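All figures in this text were calculated on a predicted structure; none of them were measured in a lab.
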Amino acid sequence: MTRKEQIVQTCMEIFSESGAKGITMKAIAEGVNISEPAIYRHFHNKEAVIIAMIQQVRDELFKRVDAINRRPLTSMEKLYRIYEHHLFY
């Protein structure tokens, strides 16, 4: 995993545990075990980290929806599986 990916992953973990208010550059740096200035080598600011996190979640959800959609299921079964996935993601 690259440093940039570690930063985004840590941001996701912080969000999961503490919500948006918990996402600080200090918390991210501590979670990755780097200095706060080191984050800025990869992202311009906290907003950029959060955007990368949202994009990663979106991309993962689209991949899973696409995988469900390719399965030989009825439309209702696909809809249920997609709903189930979103509920438990």
Undergrad: Can you sort out the partners of Arg70 under salt bridge (Lys or Arg N to Asp or Glu O under 4.0 Å), two or more places apart, ordered by chain and number?
TA: Asp66
Undergrad: If hydrophobic residues (ILVMFWY) are linked whenever their side-chain heavy atoms come closer than 4.5 Å, directly or via other members, who joins Met1 in its cluster?
TA: none
Undergrad: I'd like a table of donor-acceptor pairs (distance under 3.5 Å, sequence neighbours excluded) in which one partner is a side-chain atom from residues 25-50, with atom names and distances.
TA:
| residue | atom | partner | partner atom | Å |
| --- | --- | --- | --- | --- |
| Ser35 | OG | Ala38 | N | 3.3 |
| Asn45 | OD1 | Glu47 | N | 3.2 |
| Asn45 | OD1 | Ala48 | N | 2.8 |
| Lys46 | NZ | Ile23 | O | 3.1 |

Undergrad: Using a 3.5 Å cut-off and no angle test, enumerate the donor-acceptor pairs between side-chain atoms of residues 2-15 and protein atoms at least two apart in sequence or in another chain.
TA:
| residue | atom | partner | partner atom | Å |
| --- | --- | --- | --- | --- |
| Thr2 | OG1 | Glu5 | N | 3.1 |
| Thr2 | OG1 | Glu5 | OE1 | 3.4 |
| Arg3 | NH1 | Gln6 | OE1 | 3.0 |
| Glu5 | OE1 | Thr2 | N | 2.8 |
| Gln9 | NE2 | Glu13 | OE2 | 3.4 |
| Thr10 | OG1 | Gln6 | O | 2.8 |

Undergrad: With sequence neighbours excluded, what pairs up with Arg58 under the side chain to side chain donor-acceptor pair (under 3.5 Å) test?
TA: none
Undergrad: Taking the side chain as C-beta and beyond, is there a heavy-atom pair between Gln56 and Glu60 under 4.5 Å?
TA: no
Undergrad: Given a cutoff of under 4.5 Å between side-chain heavy atoms of I, L, V, M, F, W and Y, with clusters grown through shared members, what are the other residues clustered with Ile51?
TA: none
Undergrad: Which atom pairs, donor and acceptor, lie under 3.5 Å between side-chain atoms of residues 74-82 and protein residues at least two apart or in another chain?
TA:
| residue | atom | partner | partner atom | Å |
| --- | --- | --- | --- | --- |
| Thr74 | OG1 | Glu77 | N | 3.1 |
| Thr74 | OG1 | Glu77 | OE1 | 3.3 |
| Glu77 | OE1 | Thr74 | N | 2.8 |
| Lys78 | NZ | Asn69 | O | 2.9 |

Undergrad: Linking Ile, Leu, Val, Met, Phe, Trp and Tyr by side-chain heavy atoms under 4.5 Å, what else ends up with Leu73?
TA: none
